[in-house]
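Note sheet for the following structure.
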Amino acid sequence: MDQVPDHDLPFKSGMLQSWNKFCFTRGYIEVSVSLPGPNQDTQGYWPGAWTLGNLARPGYGASTDGVWPYSYDSCDVGTFPNQTYADGSGPAAALHSDASRSKYNYALSWLPGQRLSSCTCPGEDHPGPSPSVGRGAPEIDILEVEHNKAGSGQVVSQSAQFAPFTHDYLYLNDTSDEWHVYTPNITSPNDYHGSAV
């Protein structure tokens with residue numbers, strides 16, 4: 001990271017991209033990173049290692065429109081803009097979410113709709129494998145590091161972004177069969193569950 005003005009910000013940092021270099025279909029990803037700063041109290045950075053489906057390209061905002069963070073293979077209201085019917089009348093869970101924010105008018109989603117949904121008709125533009133298969137670019141954050149806002153040192157988070165969203169951004173975490181924290185002395189669930197964008 002260099003102290004060089006860039007995009008009206010005082011610092012410029014780097015990004016290593018492997019976009020369109022390989023296709024990850026299953027298995028695991030292992031990374032080795034060296035975090036910036038001389039000690040645990042270093043501030044002013046947000047390093048991370050993450051994956052993004054190759055239909056979108058980091059740093060090229062228009063490439064993500066309608067594909068990030070979709071990972072959906074159904075043809076229903078979840079593929080529509082804002083996850084609402086064409087006339088904007090519902091469903092109720094999309095029109096109001098208690099977990100959303102006032103700046104989004106408490107709507108569940110402000111996403112533009114899935115551009116490459118399984119609702120695509122034969123002969124329309126779709127990268128395949130067939131127009132009836134939904135495609136998207138989900139994001140999986142292997143790790144993101146930031147200064148601990150509640151104390152000293154750093155914290156690491158792992159997350160993933162998928163759309164369409166479930167009501168109030170809930171996910172299956174009710175029982176240990178669905179989710180289990182093995183090291184509660186150093187690991188805790190992130191209380192952030194999502195937002196309309």
Hydrophobic cluster identity match, Ile29 and Val33, side-chain contacts under 4.5 Å |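 Linked, Ile29 and Val33 end up in one cluster.
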
Between [atom1] of [X] and [atom2] of [Y], what distance do you get to the nearest 0.5 Å?
{"X": "Ser118", "Y": "His126", "atom1": "OG", "atom2": "NE2", "result": "7.5 Å"}
{"X": "Ser117", "Y": "Phe80", "atom1": "OG", "atom2": "CZ", "result": "8.0 Å"}
{"X": "His96", "Y": "Asp168", "atom1": "NE2", "atom2": "CG", "result": "7.5 Å"}
{"X": "Phe165", "Y": "Leu111", "atom1": "CZ", "atom2": "CG", "result": "4.0 Å"}
{"X": "Lys103", "Y": "Trp110", "atom1": "NZ", "atom2": "CH2", "result": "9.0 Å"}
{"X": "Tyr169", "Y": "Leu108", "atom1": "OH", "atom2": "CG", "result": "4.5 Å"}

Residue pair [X] / [Y]: nearest heavy atoms and the distance that separates them:
{"X": "Gly53", "Y": "Ala137", "answer": "O-CB, 3.6 Å"}
{"X": "Pro112", "Y": "Gly66", "answer": "CG-N, 3.6 Å"}
{"X": "Leu55", "Y": "Pro127", "answer": "CD2-CG, 4.3 Å"}
{"X": "Ala107", "Y": "Ser100", "answer": "O-OG, 2.7 Å"}

Can you find a pair of side-chain heavy atoms, one from [X] and one from [Y], that are under 4.5 Å apart?
{"X": "Val155", "Y": "Val145", "value": "no"}
{"X": "Pro138", "Y": "Tyr70", "value": "no"}
{"X": "Ser97", "Y": "Tyr106", "value": "no"}
{"X": "Ile140", "Y": "Gln158", "value": "no"}

Would you please say whether a donor-acceptor pair under 3.5 Å links the side chains of [X] and [Y]?
{"X": "Asp87", "Y": "Ser89", "value": "yes"}
{"X": "Ser159", "Y": "Ser157", "value": "no"}
{"X": "Glu144", "Y": "Trp50", "value": "no"}

Has the side chain of [X] got a donor or acceptor atom that lies under 3.5 Å from a matching backbone atom of [Y]?
{"X": "His167", "Y": "Ala92", "result": "no"}
{"X": "Asp73", "Y": "Gly134", "result": "yes"}
{"X": "Trp68", "Y": "Gly136", "result": "no"}
{"X": "Thr187", "Y": "Thr183", "result": "yes"}
{"X": "Gln114", "Y": "Tyr72", "result": "yes"}
{"X": "Ser71", "Y": "Phe162", "result": "no"}
{"X": "Arg115", "Y": "Asp65", "result": "yes"}
{"X": "Thr79", "Y": "Asp76", "result": "yes"}

Should Val67 and Arg135 be marked as a side chain to side chain contact (heavy atoms under 4.5 Å, CB included) after you check the CA-CA gap, both sets of side-chain angles, and the distance that decides it?
-> CA-CA 7 Å; Val67 293; Arg135 298 284 309 274; over 6 Å; no

